[in-house]
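Reckoned from all heavy atoms, side chains included, excluding hydrogens, waters and symmetry mates. Heads up: numbering here begins at 1 and tracks the sequence.
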Amino acid sequence: MSRDLTLRGAAAVVGIGSTPYYKRGTSPHSALRLTLEAILAACADAGVDAHEIDGFVSYANDLNEGLAVGAALGVREIRWSTMVWGGGGGGVAAAVNAAAAAVATGQAERIVVYRGLTQADDGRQSYGKGHFPPLLSAHGVLTPVQVCALRTQRMLEVDGVPRSAMEALVQASYHHAQQNPDAVSHGHPLDHDTYAGSRWISEPLRLFDCSRENDGAAAVLITSADLAGQAAATPVYVLSGVQGAGPDWSESAENNAAYTSAGFHPAMVARLWESAGLKPGEVDVVQVYENFSGPAVASLIDLGLCPPGAEAGRFMTLPNLIAPGGALPVNTAGGNIAEGFVHGIGLVLEAVRQIRGSSANQVPGADVSLLLGGPVAPLVSATIFGSATALRR
């Protein structure tokens with residue numbers, strides 16, 4: 001694959017911004033206002049005038065389309081506006097990839113990737129609207145947790161992945177949240193007895209296996225590599241990105257051969273590593289979209305970061321999954337489960353912080369940061385971020 005056909009190093013994140021995470025239904029402002037606040041914070045972080053933004057990307061049916069956001073900001077020109085389709089958080093990394101592709105090809109110069117949610121504007125389960133066709137609803141499968149529970153149960157029973165792997169991921173998220181004052185669960189640690197004794201939501205998923213729902217917004221500002229040096233913040237480069245769905249997957253496929261997969265088709269995974277010029281063992285830290293703990297474990301297996309079957313239990317232990325010294329630190333701000341849930345956009349910010357060296361749970365010398373979006377969603381996606389050092393490898 002020739003260099004000029006890849007994203008490697010062609011775009012960079014130069015600014016990040018967010019609002020607080022509010023308990024669902026308690027935001028004092030609309031989703032649009034929260035989104036605007038997050039975008040302005042990202043521009044301030046980058047030292048960029050918000051009027052210079054000329055592109056907008058969101059995902060998962062965000063009600064605040066780019067043209068409306070641009071008008072509210074008073075930007076001088078809109079050259080790019082994109083919505084990534086697909087339920088849940090499958091589009092979170094894909095949105096970053098779309099923005100990176102646009103600036104890399106000159107379609108725009110400064111694109112903001114954003115997501116905002118409030119219960120007042122979006123209602124409950126906005127991430128699942130329109131994604132439960134008759135094949136599911138006729139059999140009483142009406143919520144994301146039910147779909148993910150069915151697949152998780154098969155992963156446990158057929159693939160032999162132990163439940164301890166799921167608990168370790170949850171415990172790592174809560175451990176990291178205790179050092180992150182912005183996390184919703186900061187000051188509320190989780191122990192084994194509390195986790196194991198929590199109520200079933202949809203067996204085998206218990207309360208603490210499930211992501212939160214919050215009001216809030218976050219945004220990242222992406223420019224071409226040529227403009228990245230003008231920003232006030234340290235550029236974090238996009239090394240690779242993929243999105244999509246393989247055969248026997250996507251919207252209505254519930255009886256496919258890859259039933260316990262998170263949806264990352266082997267060909268997609270191979271493209272991700274090849275485009276970045278990296279191997280799974282070279283990843284320093286991972287932010288994995290955990291709508292529920294089971295699909296998040298399946299994501300790590302799909303990407304070759306965690307062994308399948310019983311070996312997953314030996315790898316997925318709390319010491320292995322936490323910063324600063326774990327073999328594979330995951331969700332170092334707390335993730336959807338413990339930091340807060342606005343469709344996973346917070347995971348993008350934490351992936352960037354790790355490369356900048358500004359995380360509350362910093363992995364020493366982190367040069368390669370992986371973002372995974374949307375396990376068991378109709379669309380899945382991934383982005384590899386890297387430092388200038390990683391770019392020179």
Report yes or no: does His175 contribute a side-chain atom to a donor-acceptor pair with the main-chain N or O of Gln171 at less than 3.5 Å?
no
Run the numbers on Asp121 and Ser30 for side-chain hydrogen bond (donor to acceptor under 3.5 Å, both in side chains), then give the verdict.
CA-CA 7 Å; Asp121 293 319; Ser30 68; 4.7 Å; no
Looking at Gln362 and Ser358, would you say the former's side chain and the latter's main chain have a donor-acceptor pair under 3.5 Å?
yes
Pick out which of Val330, Val380, Leu300 makes a side chain to side chain contact (heavy atoms under 4.5 Å, CB included) with Leu372.
Leu300
Would you check if the side chain of Arg115 reaches a backbone N or O of Ala60 as a donor-acceptor pair within less than 3.5 Å?
yes
Answer yes or no: is there a donor N or O on one side and an acceptor on the other, between the side chain of Ser381 and the main chain of Gly90, under 3.5 Å?
yes
Verify whether one side chain among Ser202 and Trp200 offers a donor that lies under 3.5 Å from an acceptor in the other.
no
For Val92, is there any backbone N or O sitting under 3.5 Å from a side-chain donor or acceptor partner on Gln243?
no
Run the salt bridge (Lys or Arg N to Asp or Glu O under 4.0 Å) test on Glu311 and Arg314 for me, step by step, so that the C-alpha distance in whole Å, both residues' side-chain angles and the decisive distance to 0.1 Å come before the verdict.
CA-CA 5 Å; Glu311 286 296 319; Arg314 285 183 272 276; 2.7 Å; yes
Determine whether the side chains of Asp209 and Tyr195 contain a donor N or O and an acceptor N or O closer than 3.5 Å.
yes
Assess whether salt bridge (Lys or Arg N to Asp or Glu O under 4.0 Å) is satisfied between Glu37 and Arg33, documenting all intermediate values.
CA-CA 6 Å; Glu37 289 179 2; Arg33 173 163 170 170; 3.0 Å; yes
Under 3.5 Å, side chain of Arg8 to main-chain N/O of Leu391, donor-acceptor pair present?
yes
How far apart are the C-alpha atoms of Tyr59 and Ile345, what are their side-chain angles, what is the distance that settles it, and do they pass the side chain to side chain contact (heavy atoms under 4.5 Å, CB included) test?
CA-CA 10 Å; Tyr59 58 98; Ile345 188 68; 3.6 Å; yes
Once you measure the plane-to-plane angle for Tyr289 and Phe341, does it fall in the parallel (<30°), tilted (30-60°) or perpendicular (>60°) bin?
perpendicular
Hey, are Glu350 and Ser359 close enough side-chain-wise for a donor-acceptor pair under 3.5 Å?
yes
State, to 0.1 Å, how close Ala108 and Trp80 come at their nearest heavy-atom pair, and which atoms those are.
CB-CB, 4.0 Å
Main chain of Gln119, side chain of Asp215: is a donor-acceptor contact present, judged purely on distance under 3.5 Å?
yes
Checking side-chain polar atoms at under 3.5 Å, does Gln354 have a donor or acceptor matched by the opposite partner on Ser369?
no
If we only count heavy atoms from C-beta on, is the Leu272 to Leu370 side-chain gap below 4.5 Å?
yes
Looking only at atom types and distance, does a side-chain atom of Asn214 sit under 3.5 Å from a main-chain N or O of Tyr21, one as donor and one as acceptor?
no
Quick check against the 3.5 Å criterion: does His139 have a side-chain atom that pairs as donor or acceptor with the backbone of Val141?
no
Apply side chain to side chain contact (heavy atoms under 4.5 Å, CB included) to Asn61 and Trp85, showing your working.
CA-CA 7 Å; Asn61 303 319; Trp85 289 296; 4.2 Å; yes
Of all the heavy-atom pairs spanning Val161 and Ala312, show the shortest one and how long it is.
CG1-CB, 4.1 Å
If you draw a 6.0 Å radius around CZ in Arg393, do more than 12 non-hydrogen atoms from other residues or ligands fall strictly inside?
yes
Heavy-atom closest contact (Asp302 atom, Phe264 atom, distance):
OD2-N, 3.3 Å
Measure across Val84 and Ala94 and return the closest heavy-atom pair with its distance rounded to 0.1 Å.
CG1-CB, 3.8 Å
Please confirm whether the backbone N or O of Ser198 pairs with a side-chain atom of Arg206, one donor and one acceptor, at under 3.5 Å?
yes
Any donor-acceptor pair under 3.5 Å linking the side-chain atoms of Asp191 with those of Thr194?
yes
Where is the tightest heavy-atom contact between Ala232 and Asp45, given as atom of each residue plus distance?
CB-O, 4.0 Å
Under a 3.5 Å threshold, yes or no: a donor from one side chain and an acceptor from the other, between Glu290 and Ser293?
no
Please lay out, stage by stage, how Thr143 and Gln146 fare under the test side-chain hydrogen bond (donor to acceptor under 3.5 Å, both in side chains).
CA-CA 6 Å; Thr143 63; Gln146 291 172 290; 3.0 Å; yes
Can a side-chain donor-acceptor contact be found between Asn361 and Thr332 if the only test is distance below 3.5 angstrom?
no
Any luck finding a side-chain donor-acceptor pair between Asn291 and Ser211 under 3.5 Å?
no
NZ/NE/NH1/NH2 to OD/OE distance under 4.0 Å, Arg24 and Asp122:
no
Does the side chain of His186 come under 3.5 Å of the side chain of Gln178 through a donor N or O and an acceptor N or O?
no
